[in-house]
Protein chains: 2
Amino acid sequence: MTVWDRPEPPTRPAPLDRGRIVAAAIALADEGGLEAVSLRKVAALLDVGPMRLYGYISTKEELFDLMVDHVYAEILPEERPGDWREALHGLAHRTRQASLRHEWLADLLGGRPALGPNALAVTEATLAAFDGLTDLDTVMRAVETVSAYVTGAIRREIANLRAERATGLSDREWQHASGPHVTRMLATGRFPALATFVHEGTEVEPEASFATGLDWVLDAVAAKLDRPAGEPFRITP
Amino acid sequence: MTVWDRPEPPTRPAPLDRGRIVAAAIALADEGGLEAVSLRKVAALLDVGPMRLYGYISTKEELFDLMVDHVYAEILPEERPGDWREALHGLAHRTRQASLRHEWLADLLGGRPALGPNALAVTEATLAAFDGLTDLDTVMRAVETVSAYVTGAIRREIANLRAERATGLSDREWQHASGPHVTRMLATGRFPALATFVHEGTEVEPEASFATGLDWVLDAVAAKLDRPAGEPFRITP
DNA sequence: CTCATGTCGATACACTGTATTTTGGTGAGA
DNA sequence: TCTCACCAAAATACAGTGTATCGACATGAG
């Protein structure tokens, strides 16, 4: 009677928990986008009946929230930033990188308030970088303005990326060459400004355009911080 | 034999066309959000079998694209703006207003490239306002930066609005009072900056915060326009 | 009057999120 | 040791989804 005779005990599947569920969902989404995430497929990936999931989440939306918060962990700054500008700059670029790794994030960004622990930690770190600099309202405006830009810019970038992938052509090539619809539209002569841009514009790296747009917005914030409006806020410890 | 005896001829339903389909879809979405839009319901609203729609639309995504472009008609400026700043300012506020009238627009904004005729017309009008002002790249950066901000800000505003509606409390009230989860989080002491904001922050009108954020971004653009980088672009007529 | 054509409705399929019911195993009490 | 109660998990069920396919019918041509 050796090991080889004895059958392996039936490998009891690792006990279920939110972590495993979220990981499976993210794997599916990374592969095939958000629409590839179905509770049935997630459950199947975990060798479990679909209904089991409802012990850990109560709706599919909740699963999405968990996925988002899981990615916010990748967005957390690794070390305390030197100043507010570095903080916002880093936040923006890490959010962008995360969205390139997990394109589905672009579909969810800004879709609902992010209140998971990691998202809160990210906000905390960002706000902390403004400690003692200006009044509370200005800080709020600064953070929200930059976040809005970041959300919007990332969404556009991912949308263009997908469009390119779908047509096999880069954005500019496509317009130049013969995106049938747009070319026809431009040919009508009703869009002279647009036509000028399409014909004389040059291709720009997405990252570069993200970065310079971001710099502009950060400059704007800097300008406002120069003239503090009221009591500077201090974190009450 | 009077009119009253003669039965009405069976009112042949108005012939189908994209316009009617899109209008029906928008009606449904205005009422119950994007998820209330199903091809079957749209078809039912038009007294038609679901498959009829595929003569006019080849996929549900296409219907969404048409809906978006339909709303872009509401975003078109009514009169030629005085200068670029007025153009961008107006574009931003009209987009926001449209999103408040059609909340589902926030879910679609930035989700994919907007290439419908009305969207193109909006872009045309915007670009035209920069005629002769700076080089082409700067104009592009300006328009894209502002658009990104607008998309992001609107998405956040609508997301908060929905959250409020769902809980019956305004954002700040909610955090103050006892959004159970967040309050618990704050109580851990791990988020001192956030806690300061929640406790000492004052409620701000969404429109005001949208407007000031927008002004900041427009200021940033103005600063860049002051120092033109290269050949100013002229619309080639 | 017949036949071809092509449009429209009905049916069908594979799948979705989730509610409800059935099952099976495990503990306590007799 | 046997039985019963409980409770987690699986199976089934339901009402819907987007879309492909097929069949009938009306309309126009020959």
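All values derive from a computational prediction rather than experimental measurement.
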Can you say whether a donor on the side chain of B/Arg52 sits under 3.5 Å from an acceptor on the base of C/dG9, or the other way round?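 Side chain to base: no pair present.
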Which nucleotide, [options], lies nearest any side-chain atom of [X]?
X	options	answer
A/Lys60	C/dT16, C/dA19, D/dT19	C/dT16
B/Met51	C/dT18, D/dA20, D/dT17	D/dA20
B/Ser38	D/dG18, C/dG17, C/dT18	D/dG18
A/Arg40	D/dA11, D/dT19, D/dC14	D/dC14

Touch class at under 4.0 angstrom, heavy-atom based, for A/Val42 against every strand present: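 Here A/Val42 touches no strand at all.
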With a cut-off of less than 4.0 Å, is there a side-chain N or O of A/Tyr54 near OP1 or OP2 of C/dT18?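 Affirmative; the distance criterion is met.
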Would you say a side-chain N or O of A/Thr59 is under 4.0 Å from OP1 or OP2 of C/dG17?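 Negative; the distance criterion is not met.
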Residue pair A/Glu62 / A/Ser58, side-chain donor-acceptor N/O under 3.5 Å: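 Present: a donor and an acceptor within the cut-off.
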Which heavy atom of A/Glu124 sits nearest a heavy atom of B/Ala193, and at what distance?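 That would be OE2-N, 3.0 Å.
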Taking all heavy atoms of A/His93 and all of A/Ala211, pick out the closest pair and write down the distance.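 Heavy atoms of A/His93 and A/Ala211 come nearest at NE2-CB, 4.1 Å.
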Identify, between B/Leu39 and A/Pro50, the residue whose nearest nucleotide on DNA chain D lies closer to the 5' end.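 Result: A/Pro50.
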